[in-house]
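Note that the coordinates shown come from a computational prediction; the quantities given were computed from them, not determined experimentally. This chain uses plain numbering: 1 for the first residue, then up along the sequence.
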Amino acid sequence: MTSAITDFWVDSDWCLAHYLCIDLAPVFFEMRDEGWAASIRPTDFTSMSAADIDAVLWAAAHCPVAAIKVRLSSGEVVDANSAVLKTLARRSSSS
């Protein structure tokens, strides 16, 4: 399922700095200098392991304000409000 993911990011206009993403996937999320919005640390998406992708999916699915966006290979952008993302995160956590 993780091969269907092509990109992910934090929409800083939506982020309210709940810090849950940092707790769930600290390797990929950090605080911005402004101290309020989480951002994904620069990484080469294609070199991420399945476990790393699963961590990002899990964090995205649990963002209380749906600020973490995930682009699927279909071009669809999903977030915590999406049943598709919740299904991907659920499947990846049980693998």
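- Partners of Ala61 by side chain to side chain contact (heavy atoms under 4.5 Å, CB included), not counting sequence neighbours, listed by chain and number: Leu85, Ala89.
- The shortest distance between side-chain heavy atoms of Leu88 and Leu72 falls below 4.5 Å.
- The side chain to side chain contact (heavy atoms under 4.5 Å, CB included) test applied to Cys21 returns Phe29, Ala38, Ala59, Ile68, not counting sequence neighbours.
- Both Val70 and Val84 are part of a single hydrophobic cluster, where members link through side-chain heavy atoms under 4.5 Å apart.
- How far CZ of Arg90 is from CH2 of Trp58: 8.5 Å, rounded to the nearest 0.5 Å.
- For the side chain to side chain contact (heavy atoms under 4.5 Å, CB included) test, no residue two or more places apart in sequence or in another chain qualifies with Asp23.
- Annotation for Trp14: hydrophobic cluster partners, listed by chain and number, are none (ILVMFWY side-chain heavy atoms under 4.5 Å, direct or chained).
- A single hydrophobic cluster is seen to contain both Val56 and Ile22, as judged by linkage of ILVMFWY side chains at heavy-atom distances under 4.5 Å, directly or through other members.
- Legend: residues meeting side-chain hydrogen bond (donor to acceptor under 3.5 Å, both in side chains) with Asp52, ordered by chain and number and at least two apart, are Ser49.
- Sequence neighbours left out, the pairs with a member in residues 75-84 that pass salt bridge (charged side-chain N to carboxylate O under 4.0 Å, His left out) are Lys69-Asp79.
- When all heavy atoms are compared, the tightest approach of Met31 to Ala17 is CE-CB, 4.2 Å.
- Of all heavy-atom pairs spanning Val10 and Cys15, the tightest one is CG1-CB, 4.0 Å.
- When every heavy atom of Leu20 is checked against every heavy atom of His62, the shortest pair comes out as CD2-O, 3.0 Å.
- No continuous path of ILVMFWY side-chain contacts below 4.5 Å connects Ile53 to Trp9, so the two sit in separate hydrophobic clusters.
- Transitive grouping of hydrophobic side chains (ILVMFWY, heavy atoms separated by less than 4.5 Å) brings Tyr19 and Phe28 into a common cluster.
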